[in-house]
Amino acid sequence: MPTTRPGRRTAFPAAATAVALAAALTVAGCSSSGTPAQDDANAKITLTVNLFSDFGYADLYKQYEQLHPNVTIKENRADMGAHHQNLQAHLLAGSGTADVEAIEIGQVAGFQPQASKFVNFLDNGVGKDQWVPSKTAPASSTDGSVLFGLGTDMGGMALCYRSDLFKAAGLPTDRDQVSALLTDWQAYTAVGKQFLAKSPNKGAKWFDSAGNLFSAIVAQAPTGFYDSSGKPVVTENPAVKQSFDLVAGAVKDGESAGIQAFTPAWDTGFQKSQFATVACPAWMSYEFKANPPTDKGTWDMARIPGGGGNWGGSYLTVPKSGKHTKAAVDLAKWLTAPEQEAWLFKNKGYFPSDQALWSQPDIATHTDPLFNNAPTGKIFSQSAKDLKPQPLGAHGAEIGTALGNALTSIEQGKADAATAWTKALADVANITG
Amino acid sequence: MAATVSADTPLRPARAPAARWSRADRRVSPYLYTAPFFVVFALFGLFPMLYTGYVSMTGWRADRPGSESTWVGLDNYRTLLADPFFWNALKNTVGIGVLATVPQLLLALGLAHLLNYRVRGRTFFRLGVLLPNVTSVAAVTLIFVQLFGRDFGLINWLFGLFGVDHIDWQAGTLSSWTAIATIVTWRWTGYNALIYLAAMQSVPFELYEAAAIDGAGRWRQFRSITVPMLRPTILFTVIVSTIGALQLFGEPMLFSQQQDPTTGGSQHQFQTLALYSYNQFWGRFKYGYGAAVSWAMFLLIVVIVAVNLLAARRMKGVDAA
C-alpha cells in the first residue's frame, strides 16, 4: 500500500535503504536464477500459496506436510480484487508469483492470454475428464492444448432463508414449500413484498444487497455479459437489462437491506437479522458459519428461484515463474484430488467441481446442521448437473461490479433505475473500450 | 637556476601525488557522497517516470496479446481530455484536497501555538500529536470506516443523540468527501503542527516581550507576530500538503465498501486521480491509458507547485518593498 504522501522522507536514509535494498535484490536475483532447488526431491522447501479468501485448506496443509516431511506450506491471503491484480502484475514482471496461485472463475478469462506463463497440467499427468468441460474450458488456452488451472470448488446455487423470520411473517417454513412458493424471481420479489408487509420485525429486509441478488440472477441466464465468441453483449443481451430492472424494482419496493456483500457491515447483517434471504452459492455457507445470528435465528436452505446456475468457484494454478514448480504441481494436484475435495465439502461446505464426486453416496446424501440439516449434497449436486455453462469473458467480473455499483446507487437513493443504467453502461464502455 | 631545479626535482615526485590526490578528493568526493541518492533516484524515480511516459504513448493492454509495442502517440492523452471519469476524478481530488488541507493547516497552526506555551508534560504532548502520523494508513482507515458506518457506526449514533437521521457516509458526494477528509486531517494535523512548532521556536522571544509590553494579547501576538514570521513555513506546508492531496490514494481506497475499491464508490463519487490511474492500470489492465493518467497527474502537480512558487516569489517581493 503506497503511503499517501511519498517524497517527504529525508534523502539519506532513503538512499541508504534503497542501496541496501538494491544490493539485497541483486543477491537474491543471483541465487534464484541459479540451479533451482527442485532437482533434489528431498531438499527442504517452502511452498507459498496465494489465495483470496479462506479455502479451508489449513488442516489439509498439515496432512500434506506429514506426507511430505521436506515441504512447508505458507499461505497468503488478499482481497479478491487485489489478489488478481497482484497476480497479473507479477506475471507481467515475470517474478514475484507464489508457487500456487488461485484464480476465481469470473476472472479466469482475463488470464487466458497468459496461458503460456503457467505450467501446463496436461503435461503433468492430469486428465481433463476429472471435471466437466464447463469447468476446464475457461482455464485452458483457446486451442485447448494447455490446461493452466485445476478446478477446486464450484458454486451450485441455493436460496438461504431465515425460517424464524418467515414464520413470523406468516410464510411457510418447510424448505419444500418454500421452494414451491419461490419458483422464479418474479415470484421471489412478489413474496418479498408480502414479507415486508407482514413481518413484525421492521428492521429485517427481504434480501441483503441488490448487487448480490443481481449476480445470482445473471448467473442463471444462458448468456451473460459475453457471447460465445468472446464479444461483450451487455447492451444487446436482454437478459442483463431484465435482471437489472427486476432487481431495481425490488429495491424501489424497499426489499433490499442495501448492505454491500463481503464487508464487515454484511457480517453484522447476518448476526443482527437485517435480511431474511440470501442467494447462496455453496461456498457462501462459510459466511453463515462465521456469522451466526445473535438472536438465535435459524437459517434453512431451499432451491434457488429460476433453477440452476453457477456462481463462483476457483482454480489452482502454478505460474512458471514460481521457485518450486514441480513440488507446486504436486501440491495443487493433491489439493484438488477427489479425496480432498470430498473432505472440503463435508467439513467446510465447498462443493467439489470434480464431477465423479457428485453421485458419490456420501456427497449426494450429505446434510448440513448449519442449515437445519438441509440436504446440501442433494441440492448442490442437482444444481451442478442442471448447469448450462455461460460464456465467460475477460472483464466479466468488472462488468458485474459496475452493474452492481449502479444498483447500489439506487439503494443509496442517489439515482433512479434509468439513470443508474445509463451510468452503468458508461462504466461498461470504459471497461471494454 | 640549476640549483633550484635540482632542489625541486626530488621533491616533486614525493609531493605531487599527495597534492593531486587531495585535489581530486576535494573535487570528486562530494559527487561520490551524493551519488547513491542520485543513482537510486535514477533507478527508482527517474526511470519508472520516463518508462511510464513511454508506456503512455502505447496502446498496451493485458487482454490484447502483442499490443505492448503499438505506438499510438498522444492518442491516450486525447482520450483523457474527453474522458468524463478523468474529470470526475480531478473534481473529487481537488474537493477532498481542499476539505482536508485547509482545516488541517489551520488546526495545525493553532495546535502549534498551544504547544509553544510552557505547559507541564510538553514533550509528551509534542510526541502525542505526531502519533496519528506514524500509525499505518490501513489501520487508521479501517477504524474510521467503522466509525462512519451507516447502521452501527459511532458517528451516526452520536448524531442520533441529537435527533439527526442516519447519514450514509459512503453514498453521497459531500458526505464521502467529508469522511475521507476527516481521516486525512486526523493523520496529518500533528505532523504539520510539529513543523510549525519548530519554526515558532526560531521566532525571537524579544518580539513577544515587546508586544506584551505594548499591551498585545495572546491572540494579537499570534496574528501579528507568529503568522507573519511563519510565512515561509506555511508556504512550505501548503505545497507539501497540496502534493499529498493530489496523490491521495490509500484513504479513499480503503474507505470504499464496493467490490472493487478502485471505483471510489457506487457512482465514482470519491474516486481520486490516483485511484482512477490505479483502476485503469491494474483494475482494467489498460497499461497505456493508465500510464497516461499517471503522467497527467504528474504534470498537474508540476503546474500547481510552479504556481505556488510564483506566488511565493511575489509575496517575498511585496515583503521587500
Side-chain angles (χ1 to χ4, degrees), chain A residues 1-8 11-12 14-19 21-22 79-82 85-86 88-89 92 109-110 112-114 211 258-265 268-269 272 274 394-395 397-398 400-402 404-415 420 423 426-427 430-431, chain B residues 34 36-41 43-44 62-65 83-85 136-138 142 145-146 149-153 168 170-173 184 187-188 191 240-241 243-245 247-251 253-254 257-263 265-269 274 278 280-287:
Chain A
M1 183 67 51
T3 55
T4 33
R5 302 186 185 200
R8 273 194 171 168
F12 175 66
T17 325
V19 168
L21 197 71
D79 275 356
M80 188 159 116
Q85 287 164 10
N86 285 341
Q88 278 282 13
L92 181 69
Q112 226 170 14
Q114 277 104 306
I259 302 168
Q260 281 294 308
F262 317 112
T263 61
T268 314
K272 301 211 169 186
Q274 287 186 284
H395 301 286
E398 295 141 62
T401 305
N405 279 349
L407 288 164
T408 304
S409 70
I410 304 176
E411 285 175 332
Q412 292 171 332
K414 297 293 168 189
K423 286 199 173 178
D427 256 325
N430 183 278
I431 292 165
Chain B
T34 48
F37 171 77
F38 286 100
V39 168
V40 168
F41 172 74
L43 222 64
F44 295 97
D63 56 353
R64 294 195 191 137
D83 179 357
F85 294 104
S136 108
V137 59
L142 289 178
V145 166
Q146 302 287 321
R150 183 193 63 179
D151 295 325
F152 305 107
D168 190 347
Q170 310 273 342
T173 306
V184 178
R187 277 196 78 212
W188 291 97
Y191 174 87
V240 173
S241 304
I243 295 175
Q247 294 175 333
L248 193 65
F249 177 81
E251 285 89 347
M253 170 114 166
L254 291 159
Q257 297 291 293
Q258 309 306 118
Q259 293 258 328
D260 177 0
T262 60
T263 58
S266 60
Q267 291 191 305
H268 307 278
Q269 63 268 33
Y278 188 84
Q280 294 293 306
F281 207 95
W282 290 123
R284 317 274 203 242
F285 301 114
K286 299 196 240 175
Y287 301 136

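Just so you know, these numbers use all the heavy atoms, side chains as well, and skip hydrogens, waters and symmetry mates. Below, chain A is the first sequence line, B the second, and so on; all start at residue 1. Fair warning: this is a prediction, and the values are worked out from it, not measured in the lab.
- At a 4.5 Å heavy-atom cutoff, the contact between A:Ala89 and chain B is made by backbone and side-chain atoms alike.
- Of the N and O atoms on the side chains of B:Gln280 and A:Asn430, at least one donor lies less than 3.5 Å from an acceptor on the other residue.
- When heavy atoms are compared at a cutoff of 4.5 Å, A:Gln274 approaches chain B solely by way of its side chain, counted from C-beta outward.
- The shortest side-chain heavy-atom distance between A:Lys414 and B:Thr173 does not fall under the 4.5 Å cut-off.
- No part of A:Asp79 comes within reach of chain B, as not one of its non-hydrogen atoms sits under 4.5 angstrom from that chain.
- Neither the backbone nor the side chain of A:Ala402 comes within less than 4.5 Å of any heavy atom in chain B.
- Proximity to chain A (any heavy atom under 4.5 Å) is restricted, for B:Phe152, to the side chain, taken from C-beta onward.
- Within the 4.5 angstrom heavy-atom criterion, atoms from both the backbone and the side chain of B:Asp260 approach chain A.
- Of the listed residues B:Gln269, B:Gln170, B:Lys286, the one with more heavy-atom pairs under 4.5 angstrom with chain A than any other is B:Lys286.
- Of the two parts of B:Phe285, only the side chain, counted from C-beta on, holds a non-hydrogen atom closer than 4.5 Å to a non-hydrogen atom of chain A.
- With a threshold of 4.5 angstrom between heavy atoms, A:Leu92 approaches chain B through side-chain atoms but not through N, CA, C or O.
- The shortest distance between side-chain heavy atoms of A:Asn405 and B:Gln259 does not fall below 4.5 Å.
- Between the CD atom in B:Gln257 and the CD atom in A:Gln260 there is a gap of 7.5 Å [rounded to 0.5 Å].
- Only the side chain of B:Tyr287 comes within contact range of chain A, judged by heavy atoms closer than 4.5 Å.
- Minimum interatomic distance between A:Gln88 and B:Ala62 (heavy atoms only, all atoms of both residues): OE1-CB, 4.4 Å.
- Contacts of A:Ala426 with chain B are made by both backbone and side-chain atoms, with heavy-atom separations under 4.5 Å.
- B:Arg150 contributes no side-chain N or O that, together with a main-chain N or O of A:Ala265, makes up a donor-acceptor pair within less than 3.5 Å.
- In this structure, chain B has heavy atoms under 4.5 Å from both the backbone and the side chain of A:Ser409.
- Within the 4.5 angstrom heavy-atom criterion, only side-chain atoms of A:Gln114, from C-beta onward, approach chain B.
- A distance of 10.0 Å separates CD of B:Gln267 from CG of A:Asp427, quoted to the nearest 0.5 Å.
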